[in-house]
Each structure stands twice: as C-alpha cells, then as structure tokens.
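Both counts, for ligands and for their atoms, begin at 1 and track the order of listing.
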Amino acid sequence: MGKLAITGGAPLRKASFPGWPTSTEAEADTLNDVLTSTKWGGQPFPGKHSLAFAKKFAELHTAKYAQCVNTGTVAIQASLKAIGIRPGDEVVVPAYTWEGTVGPVLLVNAVPVFVDIDPDTYCLDAKQIEKAITPKTKAILPVHLGMRFADMDEILRIAARHKLKVIEDCAHAHGGMWNGKGAGSMGDLGAFSFQSSKLMTCGEGGAVITNHLEYFELVQSYINAGRASVTDQFKKRIIGFNYRLGEFQAAILGPQLDRLPTQSAVREKNMKHFESRMQNTPAIGLLKPDPRITRLAPYGYVIKYFAGKARDIPRASFVAALQLEGVPCDGLFYEPVYKSSLFPVDSGDFPALSWGREKPLDLRTLFSCPEAEKAAYQEAIWFPHQNFLGRAEDTDAMADAIHKILENLEELRGLDHPAIRNQKLGRADRES
Ligand SMILES: Cc1ncc(COP(=O)(O)O)c(C=O)c1O
C-alpha cells in the first residue's frame, strides 16, 4: 500500500467539489411562467424569454444583436451561413478544440483547414494563419479556448489584409472581454454554447451575436425555417431550418446570466489563489496571462504537465492519480480534431473534399499540428470551472493533491489501474 490514493493510500480530498449546473428559485419562477403561458416553443418568434435574454446577452458582450439558437454547434453553422460560406470555400480552424467547432464547416460543404495552436494560450496561433490561406479561404474561426483568447488583434489584421470574415467560437468565453470588447463582438459574428458544462447553461442551447444587422437577419431566417427576420431590411431569403430555442430553455438563461458575474468573480479569485500555489511547482506550467484580456471568462482552468520533469511518469498516470485523490480533472479533454474518433470523415458525405482533385482530401492525415498534439496527448490538464466555485480550501486541496503526487511519483511507475487506462482514451471512448 502506498501513500497515493491510487496505490491504496487515503485520498487527500474526501469532500466533493461544487456541482454544476446550479439553479435557484429564479429559474423555478421563470420556468413556471413559461408553463402557464402556453407559449412553450420558439414561436411566436422570437419568444418572450428568448428576446429578453438576447438583449441582455448582446449588451454584456458589447454587441448590437443577439439571437438564441438551439445549440452552440448550430450557432457556428448559422454564422457560416450568414457570412455566405459556400460549398468548396475554405475556413481556417484551430486543431485543438471540440469537434463541434469544425463539424458545421463540413455541414455547409466547406473545407476546414487546421492550423496549430499557440503553446502560450492553446488557442489558434495567429502567426501560422497566413501560410494556410489560399484563394479559396473565406473565413477564420478562432476559438477562445479554456480561459484564454485567441489573438484577436492579429487575427482581425490578417482578416482585413486578405478580405476574410471572422467567426469567434465563444463556447468557453461567456462574459469575457478583450481590450474592453466583448467576446464574439470583434469578428463578424460570435457563437456561444449553453450546453450543460458551460459557464452558463440551459441544458442545451446557443446564441449568435453580431454588430451587423444583415447577419442578424440572415441568422434569424436560417434558424426559423427560412421565414423573414423581424426587421427584414435586407430582404434576403435563404433556405432555413427549425433551430429555434424553446422558451423553457430561454427562461433558464435569464437567471443564469444574472448570476454569471458573481460566479465568475468567485472562480477568478479562486483561480488566482490556485495559480499562486502552482507558481514554481516543478513539472507544472501555466498558460501565459495576457493583459489584453480585460475580463476573464473563467471556464476550464488549464495547466501544463511536463512528464520530462516528473521522472517520465506519463500524464495519464498523473491525472488518474489526481482524480483518485478526489480532484475532478481531465488530461485527454480535447484531441486535435483531425485525430479524434469523433471525426470519422467520409469524403463521400462531403463532396467539396473531392472537387478539382484526383483523390479526395483526407482530413485525418493531411495535417500535422505538433503543438496541438503535445497539448492533447502529453501536457494539458483541464480542471472544470466548478472546482473553483467554492472556497479557497477547495483550491488548496487541488494544489496539495498535485504536490502530494509529485512527492510520490515513484508509486506510479509501471502502475496499471482502470483510471489510468481510461485516461489514455479520448472522452468519447471511455467507459463512463
Ligand atoms: C469550443 C466549443 N465549440 C463548440 C461547441 C458546441 O456547442 P454545443 O455542444 O452547444 O453544440 C462546444 C461545446 O460543446 C465547444 O466547447
């Protein structure tokens, strides 16, 4: 029996961390309001709760317009339609992100072009975008990942130089600000998710924000079965679908948004404390702070684990040990999308991959993004944002558990354990 919980010792942390999502009476009241209103769906369009929420959500992110949709994936898809992405167009995407960033590009029969991430932020590396641009490139789709922003200053400069559109994937960035501008308001459109794990949630849902009335109108038509938008100034008609958000879900978003600033402040305070405990910890690195992030969106907290400085104990063993000490965390949280088991692209389904070529593009083997692969398979450790919703003691327990494992690394050498085996699998392939 060792000292570490994974080798039979007592776990450092026995109490559970705060759960997620949270709700109060406010959600019960708004849900009841919908229930008794008989207007449960997204029609009449837009619904009362959806409209009221969208207005506040746009304001928080310094955008003129916001439209609720039924998922974050659809928010990206609708944004691609709004900027006029057509079959065969190319869209630059980061290699390290959730598959839902990239799927919509294929769905509109465009071609995703993966670009590596900046190791300082784990976000799309702006320095590498230009070499991926071809005459077919029409847009850049940066993701503000974890708790950092992609370098929007540089991305907007590149977009202007090459006449490209920009869609910000803000699934992790609710409430975040860059140089005083809200996440999603700097590009042509910003796409948010309200799926259960997000900083604010209604179970499943999403929103698109923009400063352009034309795009706002097109998004409305696209998600409302092609009907004219509420303002219909641009008189554009496109095929649309029912991607509306129901009113029960919209009703939850109001109270979630009201609590976001307080909850984010708690998370940020605890993250700073955790950071101070992690400074100068051997084998652990932090993502670089950026003064241009003027309001933090404290989603997943990401640290780097350097096995080479930890007696070559692989990350899977370290993370599994940390989990058994009672700390929720994950190593293989994201993979480079082109390597993920959730990206089994069949070129027969996406004709643009074959156009003008002898052989269809094989998106799974075409790209090599070493920084994304290093983050995914060796270095990144993600802590869910709710770990930071409690008190300083909780964050101390996380830091203490990390130190405990680093002091007892030899117990992990050659160890086989179901939690370690599980950590070697991508999220979609795990048992639980
Ligand atoms: C970075 C990123 N982009 C897009 C999405 C898609 O959002 P949804 O799951 O709501 O479709 C998610 C979340 O799941 C995400 O984390």
Which atoms of ligand 1 sit under 4.0 Å from any heavy atom of [X]?
| X | value |
| --- | --- |
| Ser193 | 7 (O), 8 (P), 10 (O) |
| Gln195 | 9 (O), 10 (O) |
| Thr97 | 1 (C) |
| Tyr334 | 16 (O) |
| Val143 | 1 (C) |

Sidechain N-carboxylate O distance under 4.0 Å for [X], [Y]:
| X | Y | result |
| --- | --- | --- |
| Arg277 | Asp396 | yes |
| Lys136 | Asp89 | no |
| Arg427 | Glu335 | no |
| Glu393 | Arg13 | no |
| Arg364 | Asp362 | no |

How far is [atom] from its nearest protein heavy atom, and which residue and atom name does that atom have?
| atom | value |
| --- | --- |
| atom 4 (C) of ligand 1 | Asp169 OD2, 3.5 Å |
| atom 5 (C) of ligand 1 | Trp98 CD1, 3.6 Å |
| atom 14 (O) of ligand 1 | Lys198 NZ, 2.9 Å |

Please say whether more than 12 non-hydrogen atoms of neighbouring residues, nucleotides or ligands are located less than 6.0 Å from NZ in Lys39.
no

Closest candidate by heavy atom, reference atom 15 (C) of ligand 1, pool Ser196, Ser197, Ala171
Ala171

Taking heavy atoms and a distance under 4.0 Å, where does His172 meet ligand 1: side chain, backbone, both or neither?
side chain

Just to be sure I read this right, does ligand 1 sit under 4.0 Å from the backbone of Thr73, its side chain, both, or neither, counting only heavy atoms?
both

With only distance considered, is Glu204 within less than 3.5 Å of ligand 1 through an N or O on each side?
no

Give yes if a backbone or side-chain nitrogen or oxygen of Leu145 is under 3.5 Å from a nitrogen or oxygen of ligand 1, and no if not.
no

Within this structure, what is the SG-CH2 distance for the pair Cys329 and Trp382, rounded to the nearest 0.5 Å?
13.0 Å

Between the OH atom in Tyr305 and the CD atom in Gln378, the distance rounded to the nearest 0.5 Å is 11.5 Å

Measure up the Tyr222 and Phe241 rings against each other and bin them: parallel (under 30°), tilted (30 to 60°), perpendicular (over 60°).
perpendicular

